[in-house]
Amino acid sequence: MADNSKDVQQIKTCRNFGVIAHIDAGKTTFSERILYITGKSHKIGEVHEGAATMDYLEEERKRGITITSAATTCFWRNHRMSLIDTPGHVDFTAEVERSLRVLDGAVGVFCAVAGVQPQSETVWRQANRYKVPRVAFVNKMDRTGADFYKAVESMRARLNANPVPLVMPIGKEKEFRGVVDLVNMKACVWADDDAREMTVSEVPDELMAEAKKRREQMIEAVAECHDTVLEKFVEGEEVTIPEIMAAIRKGTLDLKITPVFCGSAFKDKGVQNVLDAIVDFLPSPLDVPPIEGFNPENDEKIVRELLPTQPFAGLVFKTISDPNGDLTFVRIYTGEMKQGEKYYNARTRRFERIGRLVRMHAAQREPIDVARAGDIVAAVGIKDSITGDTLSLKESPVIYEAMNFPDTVISMAIEPKSGGDRDKLSEVIGKLVREDPTFKARTDEQTGQMVISGMGELHLEVKCNMIQNDYKIGVTVGRPKVAYKMTLKGPKQVEARHIKQSGGSGQFAVARVKFRPNAEVEEFEFIDSVKGGSVPREYIPAVESGIEAAIKGGGRIGFPYCKITAELYDGQSHDVDSSAMAFEAAGVLAFRLAAENNSQLLEPIMKIEIEAPEEKTGDVIGDLSSRRGIVEEMISKPGGISAVTGKVPLAEMFQYSTTLRSLTQGRGTYSMEPASYEPVPPNIAAKVLEEEAGK
């Protein structure tokens, strides 16, 4: 029993958290400071110098952005912290998705000047979906135009969050020098030459009145989360510091509040406060509700406490190709994973042997023999498991819910410059597809070309550069192409007759199906309303799979169909000649009949936010309108900047960064993310379909 309580204590002092934010909010700089302050690295790696520890890929260092989420381990106040620095660019959203799926908490980093930016909204929504408790850090407080309370307000307005500032800034912009800790009512001022040196003193008289007011607001906000504190607050009694801390922790874990801190990560200011908050307010693996899975043998629900004493189960959330053996990242939920042991993958029905277990520090590895519940580790030797697979014990198998990744929106042809590299290129692309669930590859049946698809131009550009620079394969790439889809123009009722008579038994199947477009459905919905056995029960799934195959196959042009409901309401069968194969063929025919002269082209529409100098906004809006874009909102921001948000078809946005630079003299920035699929105007649709048919 003593060992068990020791294990529990160990898990209690563990924090698995990620750093999430919009591109350029300062996530990687913040992560680097954490490593430096906790003593994990002795030198600060700067992003702008291309020397950040967490941005270890060549492409990341060149561009100064994070592309792949990097994991590391460090210690603070006797707590072991597993930190994942995630990308901020929307093209690499899968990295954020899979990190948030396995993390217990997160730190949202916001820019004090820009406040909430588009990608901040996306990552916040992802964190909401996985119910991840968060603390927020308002960064770049020393920049011109920085406004802490405006940034907090933008969190309330744009994220629907309930931010509760636990600090009050002392000074602003260049004069920013410290914070008032509202919980302990102390002033924390950083030394000019080394911000790790912090002087804690009484709150200066000139700040006391405002600090008291801010503290009162904070207690009021956190009291809602804790009955005892609420009772005391309503009665007007003094609330003690431990009670305030308990209320903040409870509110954070229940996702009712987000504690907010501020500072300047680049100058080391305020990072220690956030480290303390991670220990005090973010969950240990034991504070997270037990994860639900199911038994693959009988589909029974399985709920286990996240303890080492339970049978082993872990979720694979990332793979990295490596010349010394692929690295597979695993979040261990229950039990223990040991080096050299075999574990069962219920999806592949195969065992995976763990060759080596390592703890990651960005690109460096620290070998370990055993990993326990709550740990995030990497394993070498796993062959067939991919992102989203669960590893468990054969005698107590379990499958946990995998992650959902968005559809790719852009594709282009890729060919090796030398014919001899064809097989090598296929092998490398296979590795990249295994690593990244939002990167896809297929061979075009008509042209024989290999076509790669991804989340945006930058995504595909990065992959092509990796192929050329990391794997030394020269490639030629075609122009990027939009991933169009099709749907039906209107409802159609069809009778599909698949009747063939030849020597011996023939084939007989008649399916009567009502098709209609349905915006509520993602891809395809099948309704069985057959009465009186006109289509025998055993053949109904065959009709469904025939229709589904035809919908995904995309008919003559090859664009897959979506947003369709098919209702099988009647049919005919033959005692001897009917078969599942015949009814599947009838299903394929039914959809072809429904789609004939009744199809509509859909294109991906992107949500866009453009930041540009106010005097250039007219040019930016004019250009956006010429690209079939719709402006939804315009907001003035500090520093003479306007933010324009709207929607625009992806097809009109290739090479947009070059245009925006010339329109705004290099001062404009933009970000896009997929919003929906909408019908293409008839004149443009005719042109696209003509081009495709011409191939």
Can you list the steps and then say if Leu307 with Val8 is a side-chain contact (heavy atoms from CB on, under 4.5 Å)?
CA-CA 7 Å; Leu307 291 169; Val8 168; 3.8 Å; yes
Please assess Met198 against Val189 for the test side-chain contact (heavy atoms from CB on, under 4.5 Å), listing each intermediate value before the final yes or no.
CA-CA 6 Å; Met198 188 165 71; Val189 178; over 6 Å; no
Full working for side-chain contact (heavy atoms from CB on, under 4.5 Å) between Val644 and Glu609
CA-CA 6 Å; Val644 177; Glu609 177 156 331; over 6 Å; no
Walk me through whether Leu624 and Val631 qualify under side-chain contact (heavy atoms from CB on, under 4.5 Å).
CA-CA 8 Å; Leu624 204 58; Val631 173; 4.0 Å; yes
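Of the listed residues (Val183, Val164, Leu230, Val239), just one forms a side-chain contact (heavy atoms from CB on, under 4.5 Å) with Ile219, and that residue is Val239.
Between Thr617 and Glu614, the side chains place no donor N or O within less than 3.5 Å of an acceptor N or O (distance only, hydrogens not considered). Defined by atom type and a distance below 3.5 Å, a donor-acceptor pair is present between the side-chain atoms of Asp181 and Asn184.
The 12-atom threshold is not exceeded at CD of Glu238, counting heavy atoms of other residues, nucleotides or ligands nearer than 6.0 Å. The number of heavy atoms from other shown groups lying within 6.0 Å of CD (Glu175) does not exceed 12. Heavy atoms of other residues, nucleotides or ligands lying less than 6.0 angstrom from NZ of Lys647 number 12 at most. The number of heavy-atom neighbours closer than 6.0 Å to CD of Glu305, taken from other residues, nucleotides and ligands shown, is 12 or below. No more than 12 heavy atoms of other residues, nucleotides or ligands sit less than 6.0 Å from atom CD1 of Ile630.
Ion pairing between a basic and an acidic side chain is recognised when a charged N comes within 4.0 Å of a carboxylate O; Glu202 and Lys186 show such pairing. Looking at Lys607 and Glu632, no side-chain N of the basic residue comes within less than 4.0 Å of a carboxylate O on the acidic one, giving no salt bridge. The pair Arg331-Asp104 counts as a salt bridge, with a side-chain nitrogen and a carboxylate oxygen less than 4.0 angstrom apart. Using a 4.0 Å cut-off between a side-chain N of Lys or Arg and a carboxylate O of Asp or Glu, Arg156 and Glu153 qualify as a salt bridge. Salt-bridge annotation for Glu121 and Arg158: present, with a side-chain N of the basic residue lying under 4.0 Å from a carboxylate O of the acidic one. At a threshold of 4.0 Å, the pair Asp276-Arg77 counts as salt-bridged, since one of the basic side-chain nitrogens sits closer than that to a carboxylate oxygen. Salt-bridge check for Asp287 with Arg249: passed, with a basic side-chain N closer than 4.0 Å to an acidic carboxylate O. Arg214 and Glu210 are joined by a salt bridge, as a carboxylate oxygen and a charged side-chain nitrogen come within less than 4.0 angstrom of each other.
The side chain to side chain contact (heavy atoms under 4.5 Å, CB included) test applied to Asn160 returns no partner, not counting sequence neighbours. In terms of the side chain to side chain contact (heavy atoms under 4.5 Å, CB included) criterion, residue partners of Lys616 (sequence neighbours excluded) are, by chain and number, Pro613, Asp619, Thr664, Gln665.
The main-chain N or O of Thr240 is found under 3.5 Å from a side-chain atom of Glu243 such that the two form a donor-acceptor pair. Using modelled atom types, one side-chain atom of Asn139 and one backbone atom of Ala265 make a donor-acceptor pair closer than 3.5 Å. The closest donor-acceptor contact from the side chain of Arg15 to the backbone of Ile278 lies under 3.5 Å. A distance-only check finds no donor-acceptor pair linking the side chain of Asp623 to the backbone of Val620 [under 3.5 Å]. At distances below 3.5 Å, not a single donor-acceptor pair connects side-chain atoms of Glu97 with backbone N or O atoms of Met403. Distance alone, capped at 3.5 Å, is enough to place a donor-acceptor pair between the Asn16 side chain and the Gly374 backbone. Within the 3.5 Å criterion, the main-chain N or O of Ile332 finds no donor-acceptor partner in the side chain of Arg372.
Taking the side chain as every heavy atom from C-beta outward, Met672 and Met653 approach each other to under 4.5 Å. Using a 4.5 Å heavy-atom cutoff, the side chains of Met185 and Lys212 are in contact. Taking 4.5 Å as the limit, some side-chain heavy atom of Trp190 sits within range of a side-chain heavy atom of Phe176. Put simply, the side chain of Phe137 reaches to within 4.5 Å of the side chain of Phe30, judged on heavy atoms.
The OG atom of Ser120 sits 11.0 Å away from atom CZ of Arg125, with the distance rounded to the nearest 0.5 Å. Within the model, atoms CG of Leu166 and CZ of Phe281 stand 5.5 Å from one another, a figure rounded to the nearest 0.5 Å. Summarising the geometry, atom CE belonging to Met168 is positioned 9.5 Å from atom NZ belonging to Lys213; distances are rounded to the nearest 0.5 Å.
Checked against the 6.0 Å centroid threshold, Tyr670 and Tyr656 count as a close aromatic pair.
Geometrically, Arg134 engages Trp124 in a cation-pi contact, judged by NZ or CZ lying under 6.0 Å from the ring centre and within 45° of the ring axis.
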